[in-house]
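Before any comments, here is the structure.
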Amino acid sequence: MTALCAQENIYNLLPRVEEKPIKLPRYISTFRASVKHEIEENRAPWKTMGPPKIEVPSPKNFLQKRSKEPKLPHRKRDEGRKRLLTIPSVPHVTDHPLMGIQSKKNFINTNAADVIMGVAKKPQPICVDTRQGHKYLLETSGLVPKYINKKDYGLTPKYVIKRSEEVKRAQEEYDAYVKETLRQKAMKRLSDEERESLLQGLKKNWEEVHHEFQGLSVDIDTLPKKIRKERLEAQMKQLEHDISIIEKHKIIYIANK
C-alpha cells in the first residue's frame, strides 16, 4: 500500500511536453566521390569472363538410338574352343571310381601318444581382485617389476647420448666458425647492456606501431586506409621477427663493414 502511495503524485496530472530526439546528421565519407570515380573507371563489360568462344555443335551429330549403350568387344572364334579344352571332360558311363581304399592308421593311439609325449604348457600367472573371481594377466597389469630388472635400467639411453654428442659437436663447429669469422672480418660482439637496450627499443617501437594500429577505423572502405593498415601490419610483423631473434640468441655479433 505504501508503494502505491509513493508512486502517486499531483505533478503527474500536469500535461507534459513530448521532447523529440535530435537526429544527428548522416555520416558521409570524404572519400565518397573518389571511390565512386574509381568504381566507374574500373567497371567494364566482359572484363574477367570474356565473351563465350565455344564451337557450335553440328546438326549432323544428333543423338541416335542406342548410341550411349556400352559396346562389347568383338568375340574371337578361337576363344570358345580354348575354353572348352581347359575344362575337364565328363566321366564316361563305363568308368568306375576307386573304392575300398582304407587307412590303417590308429588315430586314437596316435592322439594319445602325442598328448603323453608333448610338453605341457605353463599356465600364465593371473591375479584375482574380486570375490566374484574377476581375473587378469599379471604380466600386463604393471604389478610385476620387470622393467627394473633390465640390464639397462637407470642408464642413459643411447639416442640421448648420441643427440648430446651431436649438439656438442654442432656447438664446437659453430664456435670454430665464429672464431674464424672474427679473425677474418673482425666482428664485434654485442654486450649485454647494448643487447638489452636494443631489445627495449624494438619493443617500444612495436608498442608505438601497435598503438597506431589500434587507432585505425573499423570499416576499411577506402584504398588509403587499406594501404595504411597493410603497412602497419608489415612493420609489426618485422618488429616481432627481430625481437624473437634477439631474445633467442644470447650472443650477437656485428660485422664491421
Side-chain angles (χ1 to χ4, degrees), residues 7 9 11-12 14-59 61 63 163 166-167 170-171 173-175 177-182 184-257:
Q7 293 178 359
N9 194 346
Y11 291 102
N12 295 335
L14 297 176
R16 296 183 180 181
V17 180
E18 294 183 0
E19 296 180 359
K20 295 183 179 180
I22 301 174
K23 189 175 181 181
L24 298 177
R26 182 181 178 184
Y27 171 77
I28 299 176
S29 176
T30 56
F31 302 98
R32 182 177 181 182
S34 60
V35 171
K36 291 179 67 176
H37 182 66
E38 290 179 1
I39 293 174
E40 292 294 336
E41 284 185 351
N42 296 329
R43 183 179 297 172
W46 300 340
K47 189 170 183 179
T48 56
M49 299 294 294
K53 296 179 181 179
I54 57 176
E55 186 178 356
V56 181
S58 175
N61 299 330
L63 185 62
R163 187 175 298 175
E166 291 177 356
V167 172
Q171 186 65 31
E173 292 178 358
Y174 176 73
D175 294 339
Y177 170 75
V178 170
K179 289 180 180 179
E180 183 67 20
T181 309
L182 284 172
Q184 293 179 359
K185 297 183 180 181
M187 296 178 66
K188 177 185 176 183
R189 178 178 175 179
L190 201 66
S191 62
D192 296 339
E193 293 80 6
E194 293 176 348
R195 175 179 172 276
E196 188 65 27
S197 63
L198 179 61
L199 187 61
Q200 295 297 331
L202 290 174
K203 289 183 179 179
K204 185 178 180 181
N205 292 341
W206 184 88
E207 290 177 358
E208 292 177 357
V209 177
H210 184 262
H211 179 71
E212 187 177 356
F213 181 79
Q214 292 291 333
L216 293 175
S217 60
V218 179
D219 190 8
I220 309 298
D221 55 350
T222 59
L223 185 62
K225 291 182 180 180
K226 184 177 180 181
I227 294 174
R228 186 183 179 190
K229 181 183 178 182
E230 292 177 354
R231 178 175 56 81
L232 293 176
E233 288 178 350
Q235 291 180 3
M236 291 172 62
K237 187 175 181 180
Q238 183 64 33
L239 289 171
E240 289 174 359
H241 177 68
D242 298 341
I243 291 170
S244 64
I245 289 177
I246 295 175
E247 288 180 347
K248 183 178 180 181
H249 301 282
K250 301 295 182 182
I251 301 174
I252 300 174
Y253 293 93
I254 301 176
N256 297 327
K257 295 183 179 180

Minimum-distance pair of heavy atoms, taken over all atoms of R195 and L190: CA-CD2, 3.9 Å
Distance (rounded to the nearest 0.5 Å) between L199 CG and K204 NZ: 14.0 Å
Nearest-0.5 Å distance that lies between atom CD1 in I251 and atom OG in S191: 12.5 Å
About how many Å separate CD1 of I227 and OG1 of T222, when rounded to the nearest 0.5 Å? 9.0 Å
Are side-chain heavy atoms of E207 and H211 found at a separation under 4.5 Å? no
Quick one, L232 and Q235 - any side-chain contact, counting heavy atoms below 4.5 Å? yes
Looking at R231, I want to see if its CZ is surrounded by more than 12 non-hydrogen atoms of other residues, nucleotides or ligands under 6.0 Å. yes
Salt-bridge contact K225-D221 (side-chain N to carboxylate O under 4.0 Å): yes
Side chains of I243 and E240, heavy atoms from C-beta outward: is any pair under 4.5 Å? no
In this structure, NZ of K203 is separated from CD of Q200 (nearest 0.5 Å) by 5.5 Å
Shortest non-hydrogen contact from H37 toward E41: NE2-OE2, 2.5 Å
Distance from L216 atom CG to Q214 atom CD, nearest 0.5 Å? 8.5 Å
H210: ring pair (Phe, Tyr, Trp, His ring centres under 6.0 Å) partners, not counting sequence neighbours: W206
Between E233 and Q238, is the side-chain contact (heavy atoms from CB on, under 4.5 Å) condition met? List the steps. CA-CA 9 Å; E233 288 178 350; Q238 183 64 33; over 6 Å; no
Would you sort out whether E208 and N205 count as a side-chain contact (heavy atoms from CB on, under 4.5 Å), showing the intermediate values? CA-CA 5 Å; E208 292 177 357; N205 292 341; 4.2 Å; yes
Could you report the tightest heavy-atom contact between S34 and F31, atom names first, then the distance? OG-O, 2.8 Å
Interatomic distance, NZ@K36 vs OG@S29, rounded to 0.5 Å, equals 12.0 Å
